[in-house]
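Proteins get letters first, then strands, A, B, ... in listed order; numbering begins at 1 in each. Side-chain atoms are counted along with the backbone in the values below, which use heavy atoms only and exclude waters and symmetry mates.
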Amino acid sequence: MAKADTSPDHHAMNQLIIALFIGALPHFVYQPFWVGLAFMVMIGWRLLHSYRGWPLPAASRWLKILHNGTAALMIVLIFGQFGLTIGRDAGAALLTIMLAFKVVEIRSLRDFYLSCYLGFFLVITNFFYSQSMLMVALMLLVVVLLTGCLIGVNSESSAMPLKRRLKLSTQMVLQAIPVMLILFVLFPRISGPIWGLPQDASTATTSTMPEQITLGEMPSQTGTTGMSEAIQMGKISQLIQSDEIAFRVEFENDVLPPASARYWRGPVLWQTNGTVWSPLPKSERSQATPQIGVRGSAYQYTMTLEPHNKRWLFALDIPTEKPAVIPAYLTSDAELHSQKRIKNRAQYTLESHTDYQLNAGGDPNLWAALQLPEGQHPRTRQLASDWIQQSQGPEQYIDRVLSFFNQENFVYTLTPPVLQGDTVDQFLFESREGFCEHYAASFTILMRAAEIPARIVTGYQGGEVNPVDNVLTVRQRDAHAWSEVWLPERGWVRIDPTSAVSSQRVEQGMADILPADRTSPRLIAQNDALVQVWRDLRNNWNAINTAWDIWIVGYGPQIQKTFLSRLGMDNPDWRKMAVILTLLLALTGIVMLLLSYYRRAHPDPAVRLYTIFCQKLARLGLNKGEHEGPLDFAVRAQNELPQYQHQIAAITRLYSELRYRHPSDALLSELETQIKQFQPRQ
Amino acid sequence: MAQTQLDAILASINNVILGKQHPIKLALTCLLARGHLLIEDLPGVGKTTLAHTIASTLGLTFQRIQFTSDMLPADIIGVSVYERDSGRFGFHPGPVFTQLILADEVNRASPRTQSALLEAMEEQQVTVEGTTHTLSSPFFVIATQNPANQIGTFPLPESQLDRFLMRIELGYPDAKAERALLLGQDRRQLLRELQAVVSVEDLQTLQEQVTDIHVSNALVDYVQRILSHTRDSGHYHSGLSPRAGLGLLRAGQAWAMLEGRDHVLPEDIQAVLPSIVSHRLQRRDEDSPEDWIDQLIRQVAIP
């Protein structure tokens with residue numbers, strides 16, 4: 001015979017079920033549908049037991065077999081779905097499902113505790129998927145509810161009302177905040193995602209700047225499979241679809257460059273086969289450091305780069321100082337590279353000049369800037385040789401090309417027709433509808449055909465400044481490609497052929513090009529006032545999100561280092577942090593001990609409430625003597641304030657019952673309301 | 001049920017003893033708390049009448065012992081006498097074998113005789129020549145004592161005083177009560193006509209119910225504060241004994257019951273405190289004012 005069921009009453013069970021349900025809710029989205037389904041079925045079984053008296057697994061052997069068998073089936077399903085490596089997904093799915101199976105099994109207080117504690121683990125798994133404010137708020141709610149469950153089964157009088165239980169658990173959670181803050185700030189950070197599995201890390205971001213750009217159809221022979229294909233197929237126009245944040249920039253003293261000068265340099269592309277543009281391989285390129293001459297004042301700014309699993313660090317034009325916290329170097333084509341792949345949000349401070357000269361004295365890689373695909377683009381080459389003969393010097397030639405883009409019926413569009421065959425010829429002479437990558441590529445070909453060294457630079461252009469915190473947010477949709485030509489004496493000069501076609505793109509930024517419903521909901525877009533309100537709301541929300549992402553979610557080894565050195569801790573290493581952490585935790589412990597000692601003077605909530613009552617009377621000059629009993633004081637107060645004699649009598653009766661007879665939560669809350677309502681006036 | 005009985009008892013006693021509600025209530029408290037009572041006052045203020053009235057109202061067997069300086073312990077406890085018929089010693093119980101004893105002018109007897117009574121009070125039994133005889137139950141002693149400044153008395157020593165749960169004073173009646181007394185019926189006549197309001201069993205039930213009156217932790221804290229104040233404040237030669245503390249709590253319970261409550265409040269403790277501590281505490285400062293017990297109450301904060 002099975003042991004007797006000693007599980008808590010169904011009120012406690014319901015609260016636990018609600019807490020676990022909210023905790024598991026995000027997994028219904030993150031995990032395969034059957035995980036959520038199994039969870040709901042099991043929870044439903046327990047609820048049917050509570051409300052309809054359905055038997056639990058312990059009731060009969062067959063139900064036990066059904067329960068355990070389903071659990072075993074679930075484990076098999078998990079292996080089937082996720083394979084034999086227990087990673088983030090498999091672990092979270094296993095915990096979610098097994099928790100629901102445990103809830104059906106609860107037959108004692110011990111089981112109840114176990115489910116509560118597993119619930120806290122469930123809370124943690126959710127942060128493997130999202131660390132947004134919303135998730136934190138939701139999980140805080142779950143923590144409060146679970147703590148309330150624990151209070152419920154532990155409170156001396158089990159009839160503690162739900163409201164008071166939740167209030168108490170909220171207080172307890174709030175009391176944990178100082179310790180949480182200390183741990184958060186000082187606990188030594190490990191670089192890399194905690195779960196550290198390769199397939200998880202690579203899915204951390206969905207869109208990144210491609211390493212190559214491709215015009216038109218991909219030549220079939222280069223087709224490979226899987227992830228790398230997606231990268232090779234990279235087109236900036238695909239990136240435009242994404243509103244994901246690429247990086248955020250905070251300028252020192254809020255001095256921002258004008259919108260048209262916000263070019264964030266990324267990978268530089270040299271080589272082309274007519275369709276695909278790619279960087280110069282390391283083995284072929286000169287490793288000489290670039291020669292940089294600057295004029296005017298510099299911009300100081302802090303970049304917060306979202307992880308993209310690549311090495312390049314974006315910078316405003318040419319950075320003249322390397323970041324202090326990330327080991328990085330400047331390549332010969334003035335790309336800023338990190339030593340390691342950026343797998344976590346990275347924060348670094350840079351200095352840049354927008355008025356600069358790059359390799360004005362000559363560039364050892366110039367030969368690569370003249371490379372043309374063998375036997376391709378005949379019409380383009382013909383056009384170039386015609387124009388260069390008519391022009392006096394390269395500057396005039398460049399102007400000629402730009403006015404060609406500007407005056408002929410070229411269209412800037414996000415959805416250009418698919419190019420086949422000779423992409424550049426087809427674009428320049430037939431389709432004439434394209435996107436920044438088309439303009440940059442065909443311009444560069446036109447330059448090279450005229451013996452002017454040229455290359456494509458990819459990166460981002462523009463960005464959105466939030467008026468609330470003056471943070472410039474650059475999203476994937478701000479991705480851009482432009483050209484650089486090398487001119488004697490002047491070095492590499494940036495030419496953006498897209499601006500010749502659509503000056504709006506460069507001056508106003510991408511947000512203006514996009515259809516209105518990309519930036520605000522369609523219904524609102526009709527009304528200007530509403531649009532303004534929407535924008536303000538969004539700006540504030542973005543500012544909060546920025547702070548959250550940078551300071552809370554992005555608080556990794558680098559930011560910790562920066563933050564701690566700003567706090568005056570030189571060269572913080574984990575030993576120092578451990579010492580300070582221990583000291584602070586000890587200090588917190590002492591403070592809490594002292595606090596609890598201090599509070600011991602009035603451990604009785606009834607006394608605390610009654611003190612409020614006495615304070616209200618004291619304002620009218622009725623002071624209760626320390627030796628005066630509640631009844632004596634009540635008699636005195638009733639003589640002074642006969643109009644309140646009933647209230648005084650009721651409060652005194654409640655207080656003396658609570659204090660000297662039997663503490664009860666119902667009476668306590670009644671006393672609380674009575675004292676709240678008691679507003680004596682002379 | 002209990003409340004109506006208690007009200008009836010009080011009404012009955014107050015009907016005979018006029019204008020003495022508070023001392024009467026204290027006396028009843030003492031009885032309900034199973035303590036012994038010491039009444040200290042001048043002759044003729046109604047000590048004997050009070051004792052008699054209580055006995056009659058509660059239906060208790062009553063014995064009065066007038067203490068004199070030549071009294072011997074055997075006069076109280078009883079003696080073993082050789083009985084010719086049976087040829088052995090038989091015990092002849094003394095006046096102590098009754099439910100309510102009025103020990104009148106207890107300070108007139110020699111200390112030896114006094115202690116015989118007091119030991120009987122404490123043990124609820126007497127031992128004569130090796131045989132133990134249990135006293136009747138309930139057993140309640142009301143001792144009266146004339147103020148010590150009268151000639152030819154042996155004031156009870158402090159250690160003996162501790163055996164009385166309460167000490168009360170009756171005092172002169174006020175003018176209105178005295179007038180009613182003078183104009184009213186003869187007290188002896190009234191006493192003779194007095195009927196028992198409750199039975200002995202009822203009284204014992206009431207005494208048991210006293211222990212059920214709830215004492216909260218908060219109240220125990222208060223009692224402890226009072227005890228430690230008497231010990232640590234330096235105002236008194238010696239502080240209250242643990243027995244006094246227990247008595248204070250028990251008397252507080254009985255008082256709360258008389259007040260119609262099922263739990264003890266600090267007010268109950270304060271109400272019984274003077275009668276419990278006045279004969280136990282000796283002030284260091286002999287010139288301290290009359291209301292020193294009120295001061296004691298004021299000096300201890302209610303937690």
Side-chain angles (χ1 to χ4, degrees), chain A residues 155-157 596-615 617-618 622-640 645 648-668 670-672 675, chain B residues 3 22 25 209-230 232-233 235 248-274 276-277 291-303:
Chain A
S155 64
E156 218 171 293
S157 49
S596 73
Y597 182 77
Y598 172 76
R599 283 170 64 107
R600 202 172 289 166
H602 290 293
D604 189 342
V607 175
R608 293 202 289 273
L609 287 172
Y610 187 69
T611 309
I612 298 170
F613 166 76
C614 291
Q615 282 164 352
L617 286 172
L622 267 167
N623 288 299
K624 180 178 166 296
E626 280 203 306
H627 67 283
E628 203 172 14
L631 286 186
D632 289 350
F633 181 57
V635 170
R636 207 156 59 84
Q638 283 170 328
N639 286 337
E640 290 283 326
Q645 55 178 330
I648 293 170
I651 289 169
T652 305
R653 184 180 53 78
L654 283 169
Y655 168 66
S656 48
E657 287 250 309
L658 278 166
R659 180 90 176 124
Y660 296 110
R661 186 165 173 260
H662 177 61
S664 112
D665 292 308
L667 285 182
L668 198 63
E670 203 192 327
L671 180 64
E672 193 170 8
I675 287 174
Chain B
Q3 199 54 42
H22 191 67
K25 200 168 167 186
Q209 283 172 353
V210 166
T211 56
D212 293 334
I213 301 293
H214 185 75
V215 175
S216 63
N217 288 330
L219 193 95
V220 173
D221 291 348
Y222 179 51
V223 169
Q224 273 190 321
R225 280 193 185 199
I226 292 172
L227 296 181
S228 60
H229 176 81
T230 63
D232 303 333
S233 65
H235 296 326
L248 184 57
L249 213 51
R250 183 58 62 81
Q253 285 177 304
W255 185 270
M257 186 161 115
L258 281 169
E259 289 284 344
R261 256 183 276 106
D262 63 351
H263 55 281
V264 188
L265 292 183
E267 280 90 341
D268 301 322
I269 298 295
Q270 290 173 356
V272 298
L273 186 74
I276 284 173
V277 303
D291 63 346
W292 63 275
I293 296 176
D294 285 346
Q295 284 192 344
L296 164 63
I297 291 175
R298 272 198 289 277
Q299 280 161 355
V300 182
I302 298 170

Checklist entry - Between B/Trp255 and B/His22, how do the two ring planes meet: parallel, tilted or perpendicular, split at 30° and 60°? => result perpendicular
Item to check | Interchain contact, B/Arg261 with chain A, by part (heavy-atom threshold 4.5 Å) | outcome: side chain
Item to check | Heavy-atom contact with chain A under 4.5 Å, split by part of B/Asn217 | outcome: neither
Item to check | Sidechain-backbone polar pair: A/Arg659 side chain, A/Ala606 backbone, donor-acceptor under 3.5 Å | outcome: no
Checklist entry - Under a 4.5 Å heavy-atom cutoff, which of B/Val264, B/Ile213, B/Asp262 has the most pairs with chain A? => result B/Asp262
Item to check | Salt-bridge contact A/Glu657-A/Arg661 (side-chain N to carboxylate O under 4.0 Å) | outcome: yes
Item to check | Interatomic spacing from CD1 in B/Ile302 to NE2 in A/His627 - rounded to 0.5 Å | outcome: 7.5 Å
